[in-house]
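Input: a single structure, listed below in structure tokens.
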Amino acid sequence: MAGRDHPGVIAPPPLIYFAFLLAGWGLLRLGQSPVGVDAGLGWLAWGFGLETQVRRGVAIVLIVGGLLLDGAAAGYFRRIGTAVEPWKPSTALATKGLYGLSRNPIYLGFAITYLGLSIAMNSVAAAFLLVPCLWVVDRFVIRREERYLAAKFGAEYEAYRARVRRWL
């Protein structure tokens with residue numbers, strides 16, 4: 001950590017989720033376009049096969065649930081006096097509440113919100129892009145944060161890491 005007191009993540013995590021969701025929207029639009037259909041890419045426009053009202057209901061539940069999870073987890077960070085943003089220094093280790101169930105409830109909330117938005121768009125392609133999105137978040141955000149927290153908080157973080165799962 002010499003010279004820097006932050007994990008050095010590759011990009012703000014919400015931006016990573018948004019970029020993958022935007023790519024999913026682009027694939028959906030390509031699959032719907034005459035050029036995409038003529039090129040045999042109509043499958044990119046596959047939907048979930050749910051009635052509109054059901055799809056909207058599921059989407060709203062997931063979006064609101066994900067945002068509530070994010071808000072609760074971020075609120076806990078603020079209550080214990082540490083930064084939510086991964087490009088700022090951590091001043092305390094979050095281990096209670098939602099952080100007693102998952103080491104990454106904010107990223108879990110982002111994933112739930114993302115899934116809700118892909119369902120709202122009626123885009124299976126966007127939903128499938130959640131898998132590589134989570135891989136990027138895991139490899140280039142979470143692992144860097146974990147190295148940083150281990151270096152900063154030592155045995156306290158290692159005990160927490162052994163006790164609580166990364167996602168669920």
Side-chain angles (χ1 to χ4, degrees), residues 6-78 83-88 90 94 97-149 161 164-168:
H6 58 82
V9 300
I10 62 165
L15 185 60
I16 296 169
Y17 284 90
F18 179 72
F20 276 91
L21 190 63
L22 188 60
W25 177 82
L27 291 174
L28 172 66
R29 299 295 296 162
L30 176 62
Q32 293 171 335
S33 73
V35 172
V37 171
D38 290 346
L41 299 174
W43 59 272
L44 291 173
W46 286 351
F48 291 95
L50 300 172
E51 290 183 29
T52 301
Q53 293 300 85
V54 171
R55 185 173 48 82
R56 285 181 182 161
V58 170
I60 288 169
V61 167
L62 290 172
I63 293 165
V64 170
L67 292 174
L68 287 173
L69 181 59
D70 290 336
Y76 178 68
F77 265 36
R78 288 190 177 87
V84 174
E85 304 87 356
W87 54 89
K88 293 183 178 177
S90 291
L98 292 171
Y99 290 90
L101 304 171
S102 168
R103 295 197 313 262
N104 296 288
I106 292 175
Y107 301 148
L108 184 59
F110 288 165
I112 293 167
T113 301
Y114 177 110
L115 186 59
L117 290 169
S118 69
I119 290 171
M121 291 187 321
N122 201 25
S123 175
V124 171
F128 276 124
L129 286 181
L130 181 58
V131 173
C133 176
L134 292 176
W135 183 85
V136 168
V137 168
D138 184 71
R139 294 300 183 271
F140 300 104
V141 176
I142 292 172
R143 290 188 185 202
R144 291 175 186 204
E145 289 176 342
E146 288 179 342
R147 281 192 301 270
Y148 166 76
L149 293 171
R161 188 168 145 174
V164 179
R165 295 174 60 107
R166 182 177 282 160
W167 288 99
L168 285 177

Next item on the list: Would you list the pairs meeting salt bridge (charged side-chain N to carboxylate O under 4.0 Å, His left out) in which at least one residue belongs to residues 101-110, sequence neighbours left out?
Entry: Arg103-Glu146
Check: So which pairs with a foot in residues 115-143 pass salt bridge (charged side-chain N to carboxylate O under 4.0 Å, His left out), sequence neighbours left out?
Finding: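 Sorted pair list: Asp138-Arg143, Asp138-Arg166.
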Rounded to the nearest 0.5 Å, how far does [atom2] of [Y] lie from [atom1] of [X]?
X	Y	atom1	atom2	result
Leu15	Ile10	CG	CD1	9.5 Å
Tyr114	Tyr17	OH	OH	10.0 Å
Ile142	Leu149	CD1	CG	11.5 Å
Leu62	Thr113	CG	OG1	8.5 Å
Asp70	Phe110	CG	CZ	5.0 Å

According to side-chain contact (heavy atoms from CB on, under 4.5 Å), who are the partners of [X], at least two apart in sequence or on a separate chain?
X	value
Ala73	Leu98, Tyr99, Pro105, Ile106
Ala19	none
Ala11	Ile16
Arg78	Ala74, Val84

Could you pull out the closest heavy-atom pair between [X] and [Y], with the gap in Å?
X	Y	answer
Tyr148	Ser90	OH-N, 3.0 Å
Leu134	Ala111	CD2-CB, 4.0 Å
Leu101	Val164	C-CG1, 3.7 Å

Item checked: 4.5 Å side-chain heavy-atom contact, Leu21 and Leu129 -> no
Report, one line per pair, each donor and acceptor closer than 3.5 Å where one atom sits in a side chain of residues 117-124; sequence neighbours left out.
residue : atom : partner : partner atom : Å
Ser118  : OG   : Leu115  : O            : 2.8
Asn122  : OD1  : Phe48   : N            : 2.9
Ser123  : OG   : Ala126  : N            : 3.0

Which side-chain N or O atoms in residues 29-43 pair as donor and acceptor under 3.5 Å with protein atoms at least two apart or in another chain?
residue : atom : partner : partner atom : Å
Arg29   : NH1  : Gln32   : OE1          : 3.2
Ser33   : OG   : Leu30   : O            : 2.8
Ser33   : OG   : Gly36   : N            : 3.0
Trp43   : NE1  : Gly40   : O            : 3.4

Next item on the list: List for me each residue that meets ring-ring contact (aromatic ring centres under 6.0 Å, His included) alongside Phe20, sequence neighbours excluded, and say none if there are none.
Entry: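 By the ring-ring contact (aromatic ring centres under 6.0 Å, His included) rule, Phe20 matches no residue at all.
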Next item on the list: Apply ring-ring contact (aromatic ring centres under 6.0 Å, His included) to Phe140 and list each qualifying residue two or more places apart in sequence or on a separate chain.
Entry: Trp135
Next item on the list: Sequence neighbours left out, what passes side chain to side chain donor-acceptor pair (under 3.5 Å) with Tyr107? Give chain and number order.
Entry: Glu145
Next item on the list: Mark yes when over 12 heavy atoms from residues, nucleotides or ligands other than Phe77 sit less than 6.0 Å from its CZ; otherwise mark no.
Entry: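 Yes, enclosed.
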Checklist line | Under 3.5 Å donor-acceptor, Arg144 side chain and Pro7 backbone | finding: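 The answer is no, because no donor-acceptor pair under 3.5 Å joins these two groups.
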